[in-house]
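If you're wondering where the values come from, they're calculated on a predicted model, not measured in any experiment. Chain letters run A, B, ... following the sequence lines, proteins first, then strands; residues in each count from 1.
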Protein chains: 2
Amino acid sequence: MKKDAAQPAKGADWDCPVVYRAIGHVENDFDQPLPPSVIRAGASRIVLDPSLVVGLQGLEPGRRLVVVFCFHRSQGFELLQHPRGDRSRPQRGVFALRSPRRPNPIGVTEVELVEIVGNVLHVRGLDAIDGTPVLDLKPA
Amino acid sequence: MKKDAAQPAKGADWDCPVVYRAIGHVENDFDQPLPPSVIRAGASRIVLDPSLVVGLQGLEPGRRLVVVFCFHRSQGFELLQHPRGDRSRPQRGVFALRSPRRPNPIGVTEVELVEIVGNVLHVRGLDAIDGTPVLDLKPA
């Protein structure tokens, strides 16, 4: 049976706010937002908090990783946005886009793990700028 | 040139804590943790905060979505864990596992969008239990 539309989102205040702390940060040559494809093409390093290095055990180069990060430069959001800010393209809902301007500015990108050196993960395919706080790493 | 190991994670306190609010919650028949494959096999609903429904524009049934959620029952973490809590399997680092017991208890799962009815998304393939706060939805 279909539920009615517009029922209250009872979960919305149960466990909120949800507070996370960065486990590390991104370092690369991109200190300003650029098209994601440009940033992804470059090499990035994820510098993990040294206290968490044991948590990398079992990750092997060549593995694909999911990187969860905070769009720390993003402020505010719109529910409808032009894709990539291109006003020639029709607006879409924010949940149908990967725009950083979202209700919770969380980024999720799958990357290739190239090498681990101490607490530094060298990765390819990350579209986060220099200084981005990293919240989680998971196997893809 | 390789960077030295164990350099300080200078980003770790820059922008922290990171605070998010649930945009909705999960409803399904699973109110206790079970193996992810069991929960994924069932149907789930994501009940979105009604004020955000416009943000769904452009999402079509059949589309694959990335659901970002909070493991709200998880408390604490270990850097080394037995996969699925199975003590017969060797321990691995938490970042090589999808365990909910992680430094930031964030879940990321790709699901199939079956139908949208008002502010309710019917999905298949979600491995989050009933009541789970949802933080973000993105196109896969």
Side-chain angles (χ1 to χ4, degrees), chain A residues 2-26 45 47-50 52-59 66 68 70 72 79-80 91-98 102-104 106 108 117-120 131-139, chain B residues 2-26 45 47-50 52-59 66 68 70 72 79-80 91-98 102-104 106 108 117-120 131-139:
Chain A
K2 288 186 183 181
K3 293 221 172 186
D4 285 348
Q7 56 182 294
K10 66 176 178 182
D13 294 308
W14 281 355
D15 307 281
C16 292
V18 179
V19 180
Y20 296 119
R21 293 187 175 274
I23 62 168
H25 69 278
V26 173
R45 298 171 298 283
V47 182
L48 190 69
D49 187 296
L52 301 175
V53 166
V54 171
L56 299 175
Q57 196 169 299
L59 286 182
V66 174
V68 183
C70 174
H72 64 307
L79 289 175
L80 291 175
Q91 287 191 318
R92 306 190 66 182
V94 65
F95 301 121
L97 296 170
R98 291 193 154 249
R102 32 201 330 112
N104 288 316
I106 304 173
V108 175
V117 183
N119 65 323
V120 181
T132 295
V134 174
L135 301 178
D136 202 3
L137 303 170
K138 302 172 183 293
Chain B
K2 289 186 182 180
K3 294 221 172 188
D4 286 348
Q7 55 182 294
K10 65 175 178 184
D13 294 307
W14 281 355
D15 307 282
C16 293
V18 179
V19 180
Y20 296 119
R21 294 186 175 276
I23 61 169
H25 68 278
V26 173
R45 298 172 299 284
V47 182
L48 190 69
D49 187 295
L52 301 175
V53 166
V54 171
L56 298 175
Q57 197 170 297
L59 287 181
V66 174
V68 183
C70 174
H72 63 307
L79 288 175
L80 291 176
Q91 286 190 320
R92 305 191 66 182
V94 65
F95 301 121
L97 296 169
R98 291 192 153 251
R102 35 201 329 110
N104 288 316
I106 304 173
V108 175
V117 183
N119 67 323
V120 181
T132 295
V134 174
L135 301 179
D136 202 3
L137 303 170
K138 302 171 183 294

Sidechain-backbone polar pair: A:Asn104 side chain, B:Asp136 backbone, donor-acceptor under 3.5 Å: no
Under 4.5 Å from a heavy atom of chain B, the part of A:Val53 involved: neither
Donor-acceptor under 3.5 Å (B:Arg21 side chain, A:Val18 main chain): no
Beyond-backbone contact of B:Phe95 with A:Leu48, side-chain heavy atoms, under 4.5 angstrom: yes
Under the side chain to side chain contact (heavy atoms under 4.5 Å, CB included) test, residues paired with B:Arg92 that sit two or more places apart: A:Arg63, B:Pro83, B:Ala96, B:Leu97
Sequence-distant partners of A:Gln57, side chain to side chain contact (heavy atoms under 4.5 Å, CB included), two or more places apart: B:Leu80
Segment of B:Val66 engaging chain A (4.5 angstrom heavy-atom cut-off): side chain
Check: A:Ile106 main-chain N/O paired with B:Lys138 side-chain donor or acceptor under 3.5 Å: yes
Pairs of heavy atoms under 4.5 Å with chain B: top-ranked of A:Val94, A:Val68, A:Leu137: A:Leu137
